[in-house]
Amino acid sequence: MTETSDPDLDPEAAGAFLRAVGLHYDTVSAQEVTAHLEATEEHHTPWGITHGGLYSTVIESVAGVGASYAVRSEGRFAVGVGNQTDFLLPYVRGRLDVRGTPLQ
């Protein structure tokens, strides 16, 4: 993982909720955050598909970490982002790759 020398912004130092999600950061910078996780039955709804909240959690996490890296030189961090998640097809299991880049 890149640019994680600041312990206050270490995305791997998450609480139990985010550790349970299983998100692993591959690259972290102000220009791009990439991460991945293995979707398993642990992430399922009672109907056997990946819970939509997983996607929202992952999006919020990746965007928040990226935004925090963008303002860390000012001694700040970012909290909260808006996201809209559309579910096109159900997903059951396997690797999910995530990439976040700044819009502004």
Side-chain angles (χ1 to χ4, degrees):
M1 182 168 38
T2 61
E3 286 195 41
T4 57
S5 59
D6 186 342
D8 293 331
L9 293 176
D10 182 0
E12 300 291 346
F17 171 71
L18 289 178
R19 285 193 310 272
V21 167
L23 185 64
H24 300 280
Y25 291 88
D26 301 312
T27 60
V28 177
S29 73
Q31 293 76 37
E32 179 181 65
V33 176
T34 61
H36 70 277
L37 69 122
E38 290 293 327
T40 70
E41 293 81 12
E42 295 293 318
H43 300 109
H44 283 182
T45 67
W47 302 277
I49 60 172
T50 300
H51 193 288
L54 177 71
Y55 304 114
S56 296
T57 297
V58 168
I59 292 165
E60 171 78 16
S61 298
V62 167
V65 166
S68 290
Y69 269 80
V71 298
R72 76 183 187 154
S73 64
E74 302 167 23
R76 302 179 346 179
F77 61 91
V79 294
V81 296
N83 75 62
Q84 176 181 333
T85 308
D86 296 312
F87 307 101
L88 303 177
L89 294 170
Y91 193 76
V92 178
R93 74 172 50 94
R95 182 178 170 120
L96 297 171
D97 291 299
V98 184
R99 179 176 176 250
T101 58
L103 294 176
Q104 298 182 20

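FYI, the numbering just counts along the sequence from 1. Quick caveat: nothing in here was measured; it's all calculated off a predicted structure.
Among all heavy-atom pairs drawn from Thr34 and Thr27, the shortest one is OG1-OG1, 2.6 Å. Contact between Pro90 and Ile49 at its shortest, heavy atoms only, is CB-CG2, 3.6 Å. Contact detail for Val33 and Gly66: the closest heavy-atom pair is CG2-CA, 3.5 Å. For Ala67 against Ala78, the heavy-atom pair with the smallest separation is CB-CB, 3.5 Å. Of all non-hydrogen atoms in Ala30 and Pro102, the two that sit nearest each other are O-CG, 3.8 Å.
Contact check for Thr50 versus His44: side-chain heavy atoms found under the 4.5 Å cut-off. Contact annotation: the side chain of Val62 approaches that of Leu23 to within less than 4.5 Å [non-hydrogen atoms, C-beta and beyond]. Residues Leu96 and Tyr91 meet the side-chain proximity criterion, which asks for heavy atoms closer than 4.5 Å.
Atom CD of residue Glu42 and atom CG of residue Leu54 lie 12.0 Å apart, to the nearest 0.5 angstrom. Residue Glu32 holds its CD atom at 14.0 Å from OH of Tyr69, rounded to the nearest 0.5 Å.
Classification of Arg99 and Asp97 as a salt-bridged pair fails, no side-chain N sitting under 4.0 Å from a carboxylate O.
Listed by chain and number, the residues in a side-chain hydrogen bond (donor to acceptor under 3.5 Å, both in side chains) with Thr101 amount to none (sequence neighbours excluded).
Aromatic rings from His24 and His36 are positioned such that their centres are separated by under 6.0 Å.
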